[in-house]
Amino acid sequence: MIVGLVDCNNFYCSCERVFQPELRGKPIVVLSNNDGCVIARSAEAKALGIPMGAPYFKHRKDMERQNIIVRSSNYALYGDMSYRVMTVLAHLAPNVEVYSIDECFLDLDGLNHMDLTAYARHIKETVEKWTGIPVAIGIGSTKTLAKIANRLAKKSTKANGVLDLSNSPWMDHALEKTEVGDVWGIGRRWAKMLTSRGVYTAKDLRDAEDGWVRQKMGVVGLRTVMELRGTPCVELEVAASDKQTVCVSRSFGSPMTEQISLHDAISTFAMRSAEKIRKAGLVAGAVNVFVRTDPFRSDQEQYSNSATIGLTPFTNHTQPILSAAQRGLSSIFRENYRYKKAGILLLDLVRQEDAPRTLFDQSCETDNKLMSAFDAINNRFGTGSVSYGQLRKARTWYMTQNHVSPHYTTRWDDLPLLK
DNA sequence: TCTGGGGTCCTAGGACCC
DNA sequence: TCTGGGGTCCTAGGACCC
């Protein structure tokens, strides 16, 4: 296996810069929903010491003082820019796996006769020229090694955004320079456990004893070690697989105490989730509803609970999902708590044509037509143009987004104009 | 006052079966 | 003091990813 990993540099910040070039070279951060935490930082903001995941309210003064530019997340923009980047990549490599909104694996098998570094540099330059998004590319004989190569490609001025670690005499050196916690698949817990036992770098982990790894980190950890040794354990998934679950959840701007408010929120989530699976051609076998109080408020009574309701037959129609969600909510709602977050998950998703049937199922042609009309209207006039039942649209749980940029590429009114 | 949202996979333990 | 062996299925929770 020879695999390349293309990763967009500070993706959300770079998207903000494409249509506001005056932001280039300046420190900029992008916040999560509700303007909660920092989820992306430009190189300049990183250099000023703004940590990833920092709660905005704690660093706001500091960021104002340092003239850091703040943006609320604009997923319409990022999603569309991502699509552009992935489309370019799909034209330049024989097979690709879109791994996340800002990452893509390239299948480079059978291209050994080429100078892979030169090829990757061509890809990098083309993406930047055609989309305005800067990227780095790492190449390795497994996905885990490609990840490490990518990270070093970004860090090293000599590599300048492209590093090929497949068949490289520098492998040991590269692994030595990579902290164990920076290895793909090693999160905070395992990094802590490993360093406390003298495993500090990717090289230490690669050379660890199999039985020990298996015992401490299970088969998942062992796979990571094998990948570091150059034995592929994670295949390239060229065909996008269907989701197994779909989740719609939000934290509320201010906490809710009444069931009717949660009812409204859960209804909205249920409708949105049903739309999502219809778009994907899936049906759900169960709905899970969850609510919780604010875990950061240790001075308040805590409560969290969830309920799963089966759907018979499997469906993607809004009405049965909505009523299952409400039944679930009723069963877990308790008075006298301040609810901070709620959400729903659709479970046991399968392709519509593969759904299990019962003897008494009747196909509901009118319902299908209703759902299609419903989706068409919301598609054309915007989400929420038509909805189900009587939603009171309790203002309380709308997201706080005080610094959002225009939807440059997905809304006519926001089209950037030449001055 | 203010701390995101959406996923995957694996494992352990309980309920149940013969 | 004694109380099998071998399965499956489900769920909750923990680890990880972006």
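Throughout, protein chains are lettered first and strands after them, A, B, ... in sequence-line order, and every chain is numbered starting at 1.
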Quick one: label [X] by what it contacts on the DNA or RNA (base, sugar-phosphate, nothing), any heavy atom closer than 4.0 Å.
| X | answer |
| --- | --- |
| A:T245 | sugar-phosphate |
| A:K340 | sugar-phosphate |
| A:V183 | sugar-phosphate |
| A:D35 | nothing |
| A:Y56 | nothing |

Exercise for review: Could you check whether the rings of A:Y337 and A:Y303 sit parallel, tilted or perpendicular, using 30° and 60° as the cut-offs?
Suggested key: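 A:Y337 and A:Y303: parallel rings.
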
Point to revise | Parallel, tilted or perpendicular, as decided by the 30° and 60° cut-offs, for the rings of A:F105 and A:W184 | key: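 Tilted: the ring planes of A:W184 and A:F105 meet at 30° to 60°.
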
Exercise for review: Quick one: do A:E176 and A:R206 satisfy salt bridge (Lys or Arg N to Asp or Glu O under 4.0 Å)? Show the steps, please.
Suggested key: CA-CA 10 Å; A:E176 250 167 22; A:R206 180 198 67 184; over 6 Å; no

Exercise for review: List the steps and the verdict of side-chain hydrogen bond (donor to acceptor under 3.5 Å, both in side chains) for A:S251 and A:N34.
Suggested key: CA-CA 8 Å; A:S251 294; A:N34 275 317; 5.0 Å; no

Check your understanding: Among side-chain atoms of A:N288 and A:T308, is any donor-acceptor pair under 3.5 angstrom?
Key ->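 Per modelled atom types, A:N288 and A:T308 side chains form a pair under 3.5 Å.
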
Exercise for review: State, without any angle test, whether A:Q401 and A:S72 hold a side-chain donor-acceptor pair at a distance under 3.5 Å.
Suggested key: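 Short answer, no.
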
Practice item. Write out the stems for DNA chain B, ordered by first number and formatted as range with range, counting runs of at least 3 consecutive Watson-Crick or G-U wobble pairs under 3.5 Å. Key: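 DNA chain B stems, ordered by first number: B:5-18 with C:5-18.
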
Check your understanding: Going through the checks in order, is the side-chain hydrogen bond (donor to acceptor under 3.5 Å, both in side chains) test met by A:T318 and A:R278?
Key -> CA-CA 10 Å; A:T318 299; A:R278 283 199 296 271; 3.0 Å; yes

Point to revise | DNA chain B: 5'-most and 3'-most nucleotides touching chain A, 4.0 angstrom heavy-atom criterion | key: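 So the contact region on DNA chain B extends B:dC2 to B:dT11.
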
Practice item. By nearest nucleotide on DNA chain B, pick out whichever of A:S249 and A:K58 is the more 5' one. Key: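 Looking at the nearest nucleotide for each, A:K58 comes out on the 5' side.
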
Review point. Which pairs with one or both residues in residues 189-241 of chain A pass ring pair (Phe, Tyr, Trp, His ring centres under 6.0 Å), sequence neighbours excluded?
Key: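 Listed once each, the pairs would be none.
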
Exercise for review: Would you jot down, in residue-number order, the residues of residues 213-242 of chain A having a non-hydrogen atom under 4.0 Å from DNA chain B?
Suggested key: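 Within this stretch, A:V219, A:V220, A:R223 sit under 4.0 Å of the strand.
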
Point to revise | Residues in contact with DNA chain C, drawn from residues 186-201 of chain A - heavy-atom cutoff 4.0 Å | key: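 Those residues are A:I186, A:G187, A:R188, A:R189, A:W190.
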
Point to revise | Neighbour count above 12 (heavy atom, 6.0 Å) for A:R189 CZ | key: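 No, CZ of A:R189 has 12 or fewer neighbouring heavy atoms, counting only those of other groups under 6.0 Å.
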
Practice item. Could you tell me whether A:D414 atom CG has more than 12 heavy atoms of other residues or ligands within 6.0 Å of it? Key: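 Yes, enclosed.
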
Check your understanding: So among A:E97, A:E235, A:E227, which one has a side-chain hydrogen bond (donor to acceptor under 3.5 Å, both in side chains) with A:K143?
Key ->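 Only match with A:K143 under side-chain hydrogen bond (donor to acceptor under 3.5 Å, both in side chains): A:E97.
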
Check your understanding: What residues form a side chain to side chain donor-acceptor pair (under 3.5 Å) with A:N74, not counting sequence neighbours?
Key ->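 Here the qualifying residues are A:S405.
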
Practice item. For A:F269 and A:F290, run ring pair (Phe, Tyr, Trp, His ring centres under 6.0 Å): C-alpha distance rounded to whole Å, both residues' side-chain angles, the deciding distance at 0.1 Å, then the answer. Key: CA-CA 11 Å; A:F269 302 158; A:F290 63 92; 8.6 Å; no

